[in-house]
Amino acid sequence: MALDYAKCAAEIWATLGGKDNVATAAHCATRLRLAIVDIDKVDLKALENVEGVQGVFSSNGQLQAIIGTGTVNHVYDEFLKVSGLTAATKDDVKAAAAASQPLPKRMVKTLGDVFVPILPAIVASGLMMGIVEALGKAIPGFAATPWYQFLDMAANTAFAYLPVIVAVSAARVFGGNIFLGAVMGLMMIHSNLTNGWNAANGYKVWYMLGKGIHFGNYYLGQINVLGYQGHVIPVIIAIWVMCKLEKWLHDHVPAVLDLFITPLTTVILTALLTFMAIGPIFSTLETYVLTGAKWLITVGYGVGAAAMGAIYPVTVVMGLHHMYNVIEAGLLASKDFGNLNIWMPIASAANFAQFGACLAVGVKTKSSKRRAIAVPSSLSAALGITEPAIFGVNLRLMKPFVFGMIGGAAGALVGEWMGLGATAYGVTGIPGFLTINKPIQYCILLAVAGGIAFALTFTLWHEDPDDWDKPAAEELPAPTTVAIKTEKGDVVQPVNGTIVPASKIPDPMFAAETMGPSVGIEPVDGNVYAPFDGTVQMVFPTNHAVGLLSDDGVEVLIHVGVDTVNMEGEGFAGFVTQGDKVTKGQKLLTFDRSAIKDAGYSDTVVLIVTNKDAVGKIDKAA
């Protein structure tokens with residue numbers, strides 16, 4: 001009896017705890033994928049017993065109901081009707097599911113999503129800045145030449161306009177208009193504002209609503225005429241607000257007026273919120289951080305220095321570290337410290353420790369892509385520019401970041417004990433030799449900080465084997481080994497590789513053989529071949545799954561990888577369409593194994609007999 005799609009969809013909907021409990025819904029080749037707000041409100045037992053639902057499980061924040069090929073799309077259409085939801089993509093469901101993850105995990109992931117695409121620009125600028133600063137101090141008179149001025153301009157562009165780059169990337173991550181994001185980034189460093197790095201020299205204040213209402217020294221509507229050069233967190237928060245506002249306006253403004261009202265309203269309201277609230281709040285945070293930093297570095301026996309050596313990378317993440325120039329300038333002017341900048345050794349230890357941790361990742365990793373990021377990023381950190389190493393490598397892997405903090409604490413402690421100080425500020429790492437008062441002791445500081453971080457990372461950080469490079473497989477002929485025998489005919493394995501039992505497939509539903517007798521194949525190349533003579537019944541639009549019916553009546557589903565539907569077809573190619581006749585050994589699909597691994601998914605190919613009741617006795621090779 002054919003499944004009643006409408007009845008199945010209605011019964012599924014009745015188990016989910018109401019419309020407010022379902023964020024989004026999508027489907028892949030076999031499953032209905034739901035982002036659920038509160039899983040405790042779902043009647044899982046009832047859902048499992050719905051006719052047409054072959055199994056239920058939760059993965060990566062998604063509730064997945066397996067329904068089967070050729071059926072799930074019909075149930076999905078009826079589900080949208082009964083639920084009132086709108087069609088969503090797998091990315092929509094993935095994003096909604098990610099929203100239910102713990103806040104710290106979401107925050108770190110968001111920072112990574114924002115910074116990874118802009119790493120090439122940051123790495124290039126970081127390396128060039130370190131080299132140019134070193135040349136300017138090492139070669140007498142070079143800093144006054146046109147060559148130095150040009151190279152300095154080219155080197156610091158990415159950092160001078162960092163808010164713009166961050167704003168564009170953040171707008172992409174939060175789903176907003178990237179050009180509106182660029183406008184906000186440019187506004188935050190507008191030439192009418194005092195450069196943020198010169199805040200200590202004073203800046204104007206605009207009182208937009210007069211001085212009638214105030215909170216301490218802050219007046220309602222006050223705008224500090226101060227740029228946000230070098231800042232990260234205020235920019236990201238401002239763009240997040242912008243994207244939320246833009247989406248709301250798109251949903252509520254009539255289409256005929258949307259083009260005019262939405263961009264205008266989005267920019268002006270976001271600008272007011274940024275300059276009246278977001279900016280002042282984080283300026284206050286900076287003041288607290290800097291006041292605490294001044295106190296900490298004067299705590300005796302090097303305890304305070306060690307604490308700041310550990311904390312310093314965290315302030316880099318927050319975008320507060322450029323404000324330490326105020327402390328350094330004050331130290332140089334103070335006779336209490338012999339007119340020496342004792343902050344510089346602390347910052348240098350912290351930076352060089354992140355270099356050591358990042359270099360260890362670059363040396364130890366078996367991923368050529370990770371090494372290509374880690375090695376140049378570590379060089380940049382050695383020259384005093386740590387953003388590429390922190391955001392591109394250490395913070396994303398977390399353990400190297402923590403080990404860098406430990407190394408920074410140890411190096412800063414040693415520097416305090418040895419009485420290190422600098423005669424200038426703004427230079428750390430290797431270029432710091434040009435300003436340090438005790439070069440030999442400074443070398444020891446760098447060795448301690450970088451060495452400890454390197455040793456801890458190299459010893460205690462372990463890379464996920466799925467991230468390793470795999471040797472390119474030779475072009476192999478179509479396989480001939482029978483994977484599944486039935487009374488109606490044999491099914492040859494569709495890809496070259498090792499056949500494994502279904503229980504070894506890294507997916508609960510496939511492992512439980514919910515859709516039918518199954519085996520997995522660990523592939524050695526990226527070609528999928530027809531396992532018999534037959535007809536193509538279904539090719540999923542993303543080309544990651546194909547359904548076939550043999551001339552003898554055996555129906556199979558070949559599914560490439562686990563959760564690879566989320567890749568939206570990237571790395572996959574198809575050579576057949578629904579209704580095509582195929583012969584055994586004919587190429588059906590190709591897939592990029594490295595792309596699947598880079599996306600974080602298993603490339604295990606699943607072979608399933610989906611009409612087991614019609615084919616008699618079944619024997620599997622594994």
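We're numbering straight along the sequence, starting at 1. Computed from heavy atoms alone, side chains included, the values below leave out hydrogens, waters and symmetry copies.
- Here the CD1 atom belonging to I373 is positioned 9.5 Å from the NZ atom belonging to K369, to the nearest 0.5 angstrom.
- Note that CG of L420 is 10.5 Å distant from CD1 of I342, once rounded to the nearest 0.5 Å.
- The two residues G415 and L445 make their nearest non-hydrogen contact at CA-CD1, 3.6 Å.
- Looking only at side-chain heavy atoms (C-beta outward), T457 and K399 stay at 4.5 Å or farther from each other.
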Apply the test side-chain contact (heavy atoms from CB on, under 4.5 Å) to residues Q222 and V205: give CA-CA distance (whole Å), side-chain angles for both, the deciding distance (0.1 Å), then the verdict. CA-CA 7 Å; Q222 174 179 327; V205 176; 3.3 Å; yes

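- Heavy atoms only, all atoms of each residue included: L220 and L209 are closest at O-CB, 3.7 Å.
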Step by step, work out the side-chain contact (heavy atoms from CB on, under 4.5 Å) result for M184 and M187. CA-CA 5 Å; M184 286 307 308; M187 192 182 303; 4.2 Å; yes

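- Ring planes of H252 and W248: parallel class, angle under 30° (limits at 30 and 60°).
- For I213, the CD1 atom is loosely surrounded, since the number of other residues' heavy atoms within 6.0 Å does not exceed 12.
- Between D563 and R33 there is a salt bridge, since at least one side-chain N of the basic residue sits less than 4.0 Å from a carboxylate O of the acidic one.
- Side chain of Q354 to backbone of G450: no donor-acceptor contact under 3.5 angstrom is found.
- For the pair F174/I236, a side-chain contact is recorded, criterion being any heavy-atom separation below 4.5 Å from C-beta on.
- Of the possible donor and acceptor atoms, none in the side chain of S380 sits under 3.5 Å from a partner among the backbone N and O of P376.
- Judged by distance alone, the side chains of T365 and E463 do bring a donor and an acceptor atom under 3.5 Å apart.
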Please evaluate residues W240 and V173 with respect to the criterion side-chain contact (heavy atoms from CB on, under 4.5 Å), reporting the C-alpha separation (whole Å), side-chain torsions for both, the decisive distance (0.1 Å), and the verdict. CA-CA 9 Å; W240 178 80; V173 170; over 6 Å; no

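- Counting heavy atoms from C-beta outward, V393 and L397 have side chains that approach closer than 4.5 Å.
- Within 6.0 Å of CZ on F433 lie more than 12 heavy atoms contributed by other residues, nucleotides or ligands.
- Closest of all the heavy-atom pairs between P400 and N394 is CB-OD1, 3.7 Å.
- Residues W206 and V225 form a side-chain contact, since some pair of their non-hydrogen atoms from C-beta on lies under 4.5 Å apart.
- The neighbour count for F150 CZ, taken as heavy atoms of other residues, nucleotides or ligands under 6.0 Å away, does not exceed 12.
- Residues Y203 and L193 fail the side-chain proximity criterion, which asks for heavy atoms closer than 4.5 Å.
- Side-chain contact between P263 and N177 is absent, with no heavy-atom pair separated by less than 4.5 Å.
- From I178, atom CD1 reaches atom CZ of R172 across 9.0 Å, with rounding to the nearest 0.5 Å.
- Counting only distance, with no hydrogens or angles, the side chain of N156 and the backbone of D152 share a donor-acceptor pair below 3.5 Å.
- With N351 contributing its side chain and T428 its backbone, the two residues share no donor-acceptor pair below 3.5 Å.
- More than 12 heavy-atom neighbours from other residues, nucleotides or ligands sit within 6.0 angstrom of CD on Q149.
- The heavy-atom pair separating G408 from A353 by the smallest distance is N-CB, 3.2 Å.
- If you check the side chains of T274 and Y228, you find no donor sitting under 3.5 Å from an acceptor.
- Of all the heavy atoms in L413 and G302, the pair that sits closest is CD1-O, 3.3 Å.
- Around atom NZ of K244, no more than 12 heavy atoms belonging to other residues, nucleotides or ligands sit under 6.0 Å away.
- The CG atom of L446 lies 7.5 Å from the CD1 atom of I430; values are rounded to the nearest 0.5 Å.
- Residues V375 and L379 are not in side-chain contact: their nearest non-hydrogen atoms beyond the backbone lie 4.5 Å or more apart.
- Closest non-hydrogen pair, F403 versus L460, comes out as CZ-CB, 3.6 Å.
- L135 has its side chain out of reach of Y148: every pair of non-hydrogen atoms, C-beta onward, lies at least 4.5 Å apart.
- The distance from atom CE of M567 to atom CD1 of I596, rounded to the nearest 0.5 Å, is 5.5 Å.
- Ring geometry for W343 against Y312 counts as tilted: the plane angle lies between 30° and 60°, on a 0 to 90° scale.
- Looking at S348, its side chain does come within 3.5 Å of a backbone N or O of G429 through a donor-acceptor pair.
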Go through the steps for I390 and F401 under the test side-chain contact (heavy atoms from CB on, under 4.5 Å), then give the verdict. CA-CA 7 Å; I390 289 176; F401 183 72; 3.8 Å; yes

Going through the checks in order, is the side-chain hydrogen bond (donor to acceptor under 3.5 Å, both in side chains) test met by N198 and T194? CA-CA 7 Å; N198 298 326; T194 298; over 6 Å; no

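- The neighbour count for D251 CG, taken as heavy atoms of other residues, nucleotides or ligands under 6.0 Å away, is above 12.
- In this structure, M242 CE and K247 NZ are separated by 9.5 Å, a value rounded to the nearest 0.5 Å.
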